[in-house]
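Letters A, B, ... mirror the listed sequences (proteins, then strands); counts begin at 1. Just so it is clear, the structure is predicted and the values come from calculations on it, not from any experiment.
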Amino acid sequence: AQRPLPRRARDTLQDTQATRSYLQQFGYLRRGQPEVANLLHGDAAATHEDDFRIAVKTLQEFGGLPVTGEIDEATRELMKKRRCGRPDRDNGDEGEDRRRRKR
Amino acid sequence: FAVQGQKWKHTNLTWSLSSLRRPSTLDPHHTRAVLARALDVWEQASRLTFTEVNSDEADIVVSFAKRYHDDSYPFDGRGSILAHAFFPGSGRGGDAHFDDDELWLLQPNNDDEEGTSLLAVAAHEFGHSLGLSHSSVKGALMYPWYQGIQSNFVLPEDDRNGIQQMYGPKERRIWGKIPYYRPVETPAPTTTTTTTTTTTKRPYHHHTHRHPQRHQPGYPYRPSKYPTYYPERPNYPYYPERRHNTTEEHPRRTTHHYSRPTPDTTTPSTTYRPRYPQVRPEHPGYPRPNTPPDPRKDHPKKPYYPEKTTSRPSTTPSDKPDTCDTTYDAVALIRGELFIFKNRYHWRMGAHGRYSGYPIEISRMWSGLPRNLTHVDAVYERPDRKIAIFIGKELYLFDTQYLVRGYPKPLVDLGLPESLDRLDAAMVWGYNGKTYFYSGNMYWKFDEEEGHVELDYPRDMAMWKGVGYNIDSVFQWKDGKTYFFKGKGYWKFNDLQMQVEHERQLLSAPKWMGCPAERIGHREPYR
């Protein structure tokens, strides 16, 4: 049987997932299939992680916070604040366009 | 500031508080007053004007809703997400939605930790309604996070720059500037001032015709001190309406309504058909003396007038579908009610479920359809609430029950290929409010404002992962989700992931017709 994750690791994972969801909802991170991240290895996983850090940085910059790329307390507070439901960045208005490939 | 790209083509916008979705805890009159103030913030800084109208057809319709509310941006209860608005456009373009679960405050109040100022949020959302995206400038109105608002609020510079880039700054009227002019040094020749003919061409918008000396010192002049004098307009005051029956008409005026032939009231019209009630000529009660024998007397339409018929068939017409075991030609949400079409018939589902007596013939609802109608291919309610019905290579457009003048139109007029024989389905996609057409293995995006499919289409149906080709129908249900139909089953579609939520189809009849499970056929559903 798998050993359960330590509490701190579990909190970090939840924190990351909540942040990822927030970043996707407001246009900082492209929406994808959540399970894909767990399947990535090597360079792909690194790229995925980079995307996440870049998205966090973009959020921090947009929100006027120190740009660290880390989910710090200020970033958490920002994400808890009441806000407009529109995305801050329009990554293509439509789902079908997001799936388009370059010719 | 950030400009999204879409803007209104006119500056005199209308707005209204939705008649159906009003705030549950606020007084609607006070709410409207706050909304008007929020719009005034933008009006003061731009050329835009806002007029409240009592209609859900206004450019900007404000509504209050909870959780899922017919778009792809569900609310989340109190806190976090407060509202959203759509960028300019037809249909719900420009509309603003507010979370009815929030504790809205009608008075600006920054100190209240619990409540949220409606004025602050509304002013922000109306920025989206006018075409502005979020700004990263802290303190700007379009900053996405809630900042409260002061009672003497004026639009911050960042937002003012944004709105003025799109619509221009407000034009300030200088008192006395127009139409009063100072007398010129040399009066115009008397020949022009005394002429009384109507052949002189004059600009219609004479109020914008400015005097060349208007920027010289001493201008403008008070009108009471100087006589009104227009060297280039001898007949001022100018009343264009007095000239309507002269031969020399103003370019914007036409005489066609004076030259209409007088209706001939002595000869009865042969083309007259009553608009209401909707009585078709084949109705037994319709006054048609000397009617020749009806070649369609054995037509299965007859069961709908059973008391007047003598040769009523004792069995169900051959093409009348079984409610609980059938495929669907088209499914559409029209005025909040579900319409399902099959062959010549349709069902209708309202708030209390399926209407009794249905299915009935489609042509009883929309009598402008062809008399030999056998089926429809696709149906959807357009953003302007007109009902589009596709049959073969033609589009029939209805304003409620009445066929719009100029229809049916060929599909080619919409930009669809000549070779296309029919559409499979049509819908307004809840995810982006755009219209899509489907046929075979291709689909098109349709621009409702241009009345034409967009460039770069058609595309392959593979984009809609999991629904395959040759679908029967698609529509957006009240939960904001998209449903695709094929055979006797359906898929619920995840708009964000662009794929079906369940690979295996679910049976349509229990979900959409309310049929018991034992009445449903056991055909293997599509995968």
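- To the nearest 0.5 Å, atom CZ of residue A/Phe62 and atom NE2 of residue B/His134 are 7.5 Å apart.
- Looking at B/Ile81 and A/Gln25, their side chains come closer than 4.5 Å, going by heavy atoms from C-beta outward.
- Other residues, nucleotides and ligands contribute only 12 or fewer heavy atoms inside 6.0 Å of the CD atom of B/Glu157.
- Annotation: side chain of A/Lys81 is not in contact with side chain of B/Gln147 (no heavy-atom distance under 4.5 Å).
- Around atom OH of B/Tyr469, more than 12 heavy atoms belonging to other residues, nucleotides or ligands sit under 6.0 Å away.
- Geometrically, A/Arg86 engages B/Phe87 in a cation-pi contact defined by less than 6.0 Å to the ring centre and at most 45° from the axis.
- Using a 4.5 Å cut-off between heavy atoms, B/Tyr143 touches chain A through its side chain atoms alone.
- The residue among B/Ser133, B/Ser80, B/Ser135, B/Ala85 with the most heavy atom pairs within less than 4.5 Å of chain A is B/Ser80.
- For the set B/Glu125, B/His128, B/Lys138, the count of heavy-atom pairs under 4.5 angstrom toward chain A peaks at B/His128.
- Few gaps surround CD on A/Glu77; more than 12 heavy atoms of other groups in view lie less than 6.0 Å from it.
- Side-chain N or O atoms of B/Trp145 include none that pairs as donor or acceptor with a backbone N or O of A/Arg82 at under 3.5 Å.
- Smallest separation of non-hydrogen atoms from B/His84 and A/Cys84: CA-SG, 4.4 Å.
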